[in-house]
There are 2 protein chains.
Amino acid sequence: MEKTKEAKPHTWGECTKSILPVRDALEVLSGKWKLPIIISLMFGNKRFSQIAKEVPGITDKMLSKELRELESNDLVKRTVYDSIPVVVEYSLTEYGHSLEIVIKTLRDWGVAHRKRMMVAE
Amino acid sequence: MEKTKEAKPHTWGECTKSILPVRDALEVLSGKWKLPIIISLMFGNKRFSQIAKEVPGITDKMLSKELRELESNDLVKRTVYDSIPVVVEYSLTEYGHSLEIVIKTLRDWGVAHRKRMMVAE
DNA sequence: GTAAGTAGTATACAAAAGGATAGTGATAAA
DNA sequence: TTTATCACTATCCTTTTGTATACTACTTAC
């Protein structure tokens with residue numbers, strides 16, 4: 001048997017420390033709906049029902065839940081206008097926009113991956 | 001009420017097209033175990049039981065399943081040595097290493113996010 | 001009075017992801 | 001003969017994630 005390539009020395013502690021923030025980032029984007037919601041908001045501020053229309057298939061419950069999560073992560077700002085009927089506007093924060101580069105990186109890799117997987121059929 | 005910022009015109013088709021590859025990339029890294037497995041393999045080639053030891057808490061079933069998925073995506077190479085007992089070596093492919101930049105981007109964002117969330121208490 | 005639009009919540013359920021535990025078959029060491 | 005290592009697989013169970021459907025409260029328009 002070929003000799004297994006020597007592993008660089010590293011403790012699991014070091015790895016864990018480097019994994020946790022990656023997980024945080026993944027968590028912010030994970031699930032079925034966060035990505036479409038974020039991308040929808042990248043094109044402009046939206047009201048609840050507008051997002052619901054633009055993200056096909058999402059239920060009110062999911063939209064409400066995801067928006068609450070995004071808000072608690074400072075990625076989305078919720079502004080209530082006490083007009084009648086009450087209108088709530090959601091917008092990406094400055095910080096939310098900082099995800100654009102992350103999403104772009106993922107997209108670039110994903111595009112290459114699609115090509116690769118298609119060639120391999 | 002403040003006027004809602006005008007949304008740039010865009011079709012859902014365009015968005016979907018740009019979301020799909022992002023999802024592909026996320027999928028490759030999603031779940032509880034893929035990331036630690038990939039990172040473990042970034043430090044060198046490993047046998048099944050070595051990975052099982054280095055990724056605390058993973059069961060054989062999960063490890064086996066995740067490795068199969070990673071292999072089917074060309075990210076991991078599986079090499080069988082028909083020694084006795086049989087030994088199987090897993091290694092990151094060249095392509096698997098292309099995830100490093102993606103993971104780094106996620107980590108950088110995640111590190112900033114951790115700081116931010118800590119300050120906010 | 002009834003429908004429609006505002007922004008959601010409540011309850012119950014189904015599907016997907018993951019965990020616990022045991023077993024496979026070959027061999028070698030005690 | 002029992003135990004251990006290698007790399008898994010099989011079965012069942014729990015937890016998490018997401019869906020379906022109905023409902024709230026308020027006001028305007030028909």
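Both backbone and side-chain heavy atoms feed into the values below; hydrogens, waters and symmetry mates do not. The structure presented is a predicted model; accordingly, all values stated were derived computationally and were not measured. Numbered from 1 within each chain, the chains take letters A, B, ... in sequence-line order.
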Which one, [options], comes nearest to the side chain of [X]?
| X | options | result |
| --- | --- | --- |
| B:Ile84 | D:dA20, C:dA28, C:dA7 | C:dA28 |
| B:Val86 | D:dA7, C:dT27, D:dC8 | D:dA7 |
| B:Arg47 | C:dG8, D:dC6, D:dT11 | D:dC6 |
| A:Pro85 | C:dG5, D:dC8, C:dG19 | C:dG5 |
| A:Trp33 | D:dC8, C:dT27, D:dG18 | D:dG18 |

Expressed as a whole number of angstroms, how long is the span from [X]:[atom1] to [N]:[atom2]?
| X | N | atom1 | atom2 | value |
| --- | --- | --- | --- | --- |
| A:Lys61 | D:dT16 | NZ | P | 14 Å |
| A:Ile58 | D:dT19 | CD1 | P | 8 Å |
| A:Lys65 | D:dG18 | NZ | P | 5 Å |
| A:Phe48 | D:dT24 | CZ | P | 18 Å |
| A:Met62 | C:dG8 | CE | P | 15 Å |
| B:Asp82 | C:dG25 | CG | C1' | 16 Å |
| A:Glu66 | C:dT9 | CD | P | 13 Å |
| B:Leu63 | C:dT21 | CG | P | 19 Å |

| query | Going through the distances and angles, do A:Arg68 and A:Ser72 end up as a side-chain hydrogen bond (donor to acceptor under 3.5 Å, both in side chains)? | reply | CA-CA 6 Å; A:Arg68 254 181 281 130; A:Ser72 80; over 6 Å; no
Are [X] and [Y] side-chain neighbours, meaning at least one heavy-atom pair lies under 4.5 Å?
| X | Y | value |
| --- | --- | --- |
| B:Leu75 | B:Glu69 | no |
| A:Leu20 | B:Arg114 | yes |
| B:Phe48 | B:Asp60 | yes |

| query | Could you go step by step and tell me if A:Met42 and A:Ile103 meet the side chain to side chain contact (heavy atoms under 4.5 Å, CB included) rule? | reply | CA-CA 11 Å; A:Met42 280 181 180; A:Ile103 292 176; 3.7 Å; yes
| message | Please confirm whether the shortest side-chain N or O distance from B:Thr59 to OP1 or OP2 of C:dA20 is below 4.0 Å. | response |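 Looking at the OP1 and OP2 atoms of C:dA20, neither is under 4.0 Å from any side-chain N or O of B:Thr59.
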| query | Can you tell me if the side-chain N/O atoms of B:Ser64 get under 4.0 Å from OP1 or OP2 in D:dC8? | reply | no
| message | Give the residues of residues 67-79 of chain A touching DNA chain C, defined as any heavy atom closer than 4.0 Å, sorted by residue number. | response | A:Arg68, A:Arg78
| said: Has B:Ser40 got a side-chain atom pairing as donor or acceptor with B:Ile51's backbone, closer than 3.5 angstrom? | reply: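 No; zero donor-acceptor contacts below 3.5 Å.
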| field | Under 3.5 Å: donor-acceptor pair, side chain of A:Ser98, backbone of A:Glu94 | value | no
| Comparing B:Tyr90 and A:Asp60 on DNA chain D - which has the more 5′ nearest nucleotide | B:Tyr90
| request: Measure distances between side-chain N and O atoms of A:Lys32 and base N and O atoms of D:dT17, and say whether any donor-acceptor pair falls under 3.5 Å. | output: no
| request: Identify whether any heavy atom of B:Gly57 sits under 4.0 Å from a base atom; if not, whether one sits that close to sugar-phosphate; answer base, sugar-phosphate or nothing. | output: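 Nothing, no nucleic acid heavy atom in range.
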